A.B. asks: 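This is the structure I want to talk about, given as structure tokens.
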Amino acid sequence: MYLTPLEEKILNGERGATCQKAIEILVALGDIYDADRLIPIKSTQIAGVSYKTIGDAGLEWISDLKGKVAVPSILNPAGMDLECWKEMGISEEFAKKQKDIIKAYKALGVKIECSCTPYNIYDDLASFGDHVAWSESSAISYANSVIGARTNREGGPGALSAALIGKTANYGFHLDENRKPDVLIKVDAKFRDSDYGALGYIAGEMVGDKVPFFRLKSKPSKDELRSLGAAMAASGAVALYHVEGVTPEADRYEAPRDAITIEEKQIKDVYKSGPGTGSGEPDLIAFGCPHSSVDELANLARLLEGKKVKKEVWVCTSRAIKDRNPELIERIQRSGAKVFCDTCMVVSPASERFKCMMVNSGKAHKYVPNLCGIKSVMATTEKCIEEALKD
Ligand code: F3S
């Protein structure tokens, strides 16, 4: 891989050990994937934040790094709400370790916004055509597909290395030739809301890491596209998709000949089946995977208006969205539902004390049984609220 004279100097340790390690990681990735060079990036989104997932080894690695990030960088959700962690039932010991991780990232100049929806917080992290290095799978899918920016599926160390150098290796989805669709997915019904998460749940299992091109009967909103992409990235490994007439790069391509059809009945089946489903009453109903947008909070506030929940209900969102919308948060909380920031129902150990989680997200439905060790049931947003209000 070609390196500029300055990059060679960094590789030789002239900018210190942290930058040397970071560029070594980028060069190693570039060599594996046959990149020709490093390219400048606009931002990074760094996974590897929850103490539940990175443990002491991760904390030690981040704490040993010295220096500052070279581009705007934002964190993935942590293992707890950084303010209301006691209300989540998080232990003092976990909280201390989690705060140490946050402190270590802060020392590197990373913004302490822990969210998988950075595009809903800042407008300038990624625009059409920008190269970025993001590492949470739903954020990657959104950046590539809905924004039209370009990112590979970065691991936590790869994204942090890219943040420190301000560059990433030029391969994969950074290149035009890898962004063309491989398979046409025709859908025979009109969908809304969580149906897109259920569609993504099925489509991801069918296409693996291919680039699907959807021909839909209804026009999804940005939140619905986000749910579709998040679920496909979880049940498969889809990092980029196109939707005919909707996503920004779709009109560059012809629909692929290789085609599959997904029927309405298959979507309905996701609501009835899936990992861990089949027995057990939900004792936790959780919204906000990916983190709730303002429109989603407004919908929940409307559905909960004047009512009291009878079960534990969590709404996960980013701290910035919570702070900017106090009236919506108040209306949700008045029902007894809890609003948590900086974390989510999957990456926090707080969910593990429940038996069965009901979600309106295809991604959470896929991950909850494996990562939280509890049952998962998926339903529409309205059905989830109905369940929350039942005695
Ligand atoms: Fe975000 Fe957690 Fe879901 S990181 S996409 S809310 S699993």
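Start at 1 and go down the list; that is how both ligands and their atoms are numbered. Here the structure is a predicted model, which is why all the values come from computation and not from measurement.
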A.B. asks: Looking only at the aromatic ring of each residue, does the gap between the centers of Tyr253 and His242 stay below 6.0 angstrom?
C.D. replies: yes

A.B. asks: So, do Tyr241 and Leu225 sit near enough that their side-chain heavy atoms are less than 4.5 Å apart?
C.D. replies: yes

A.B. asks: Examine the side chains of Ser318 and His291 and answer whether a donor and an acceptor come within less than 3.5 Å of each other.
C.D. replies: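 Their side chains do not contain a donor-acceptor pair, so the 3.5 Å distance test is not met.
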
A.B. asks: When you measure from atom 4 (S) of ligand 1 to every protein heavy atom, which one gives the shortest distance, and what is it?
C.D. replies: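 The closest heavy atom on the protein side is Pro77 CG, 3.6 Å.
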
A.B. asks: Nearest protein heavy-atom contact for atom 1 (Fe) of ligand 1: which residue, which atom, what distance?
C.D. replies: Cys116 SG, 2.4 Å

A.B. asks: Using a 6.0 Å distance limit plus a 45 degree cone around the ring axis, check whether Lys111 lies over the aromatic ring of Tyr122.
C.D. replies: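 Yes, cation above the ring, under 6.0 Å and within 45°.
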
A.B. asks: Would Asp283 and Lys355 pass as an ion pair if we require N to O under 4.0 Å?
C.D. replies: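 Salt bridge flag = no for Lys355 with Asp283.
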
A.B. asks: At less than 2.8 Å, would any N/O/S atom of Cys289, backbone or side chain, sit next to atom 3 (Fe) of ligand 1?
C.D. replies: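 Short answer: yes, at least one N, O or S atom is under the cut-off.
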
A.B. asks: Does a side chain donor of either Glu87 or Trp85 reach within less than 3.5 Å of an acceptor in the other side chain?
C.D. replies: no

A.B. asks: Taking the six-membered ring for Trp, are His131 and His174 parallel (under 30°), tilted (30 to 60°) or perpendicular (over 60°)?
C.D. replies: tilted

A.B. asks: Nearest protein heavy atom to atom 5 (S) of ligand 1, by residue and atom, and its distance?
C.D. replies: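 Ranking protein heavy atoms by distance from atom 5 (S) of ligand 1, first comes Lys363 NZ, 3.4 Å.
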
A.B. asks: Non-hydrogen atoms of Ala364 versus ligand 1: any pair closer than 4.0 Å?
C.D. replies: no

A.B. asks: Could you list which atoms of ligand 1 come closer than 4.0 Å to a heavy atom of Glu136?
C.D. replies: 5 (S)

A.B. asks: Short list, please: which atoms of ligand 1 are under 4.0 Å from a heavy atom of Ser138?
C.D. replies: 5 (S)

A.B. asks: Taking 4.0 angstrom as the limit and counting only heavy atoms of Gly288, give me the atoms of ligand 1 inside it, by number and element.
C.D. replies: 6 (S)

A.B. asks: Does ligand 1 have an atom under 4.0 Å from some heavy atom of Cys316?
C.D. replies: no

A.B. asks: Could you tell me the residue and atom name of the protein heavy atom closest to atom 2 (Fe) of ligand 1, and the distance to it rounded to 0.1 Å?
C.D. replies: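 For atom 2 (Fe) of ligand 1, the nearest protein heavy atom is Cys344 SG, 2.3 Å.
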
A.B. asks: Just wondering, do Ile267 and Ile262 contact through their side chains at under 4.5 Å, heavy atoms?
C.D. replies: yes

A.B. asks: Assess Ser361 for proximity to ligand 1: is some non-hydrogen atom of it under 4.0 Å away?
C.D. replies: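 Under 4.0 Å: no for Ser361.
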
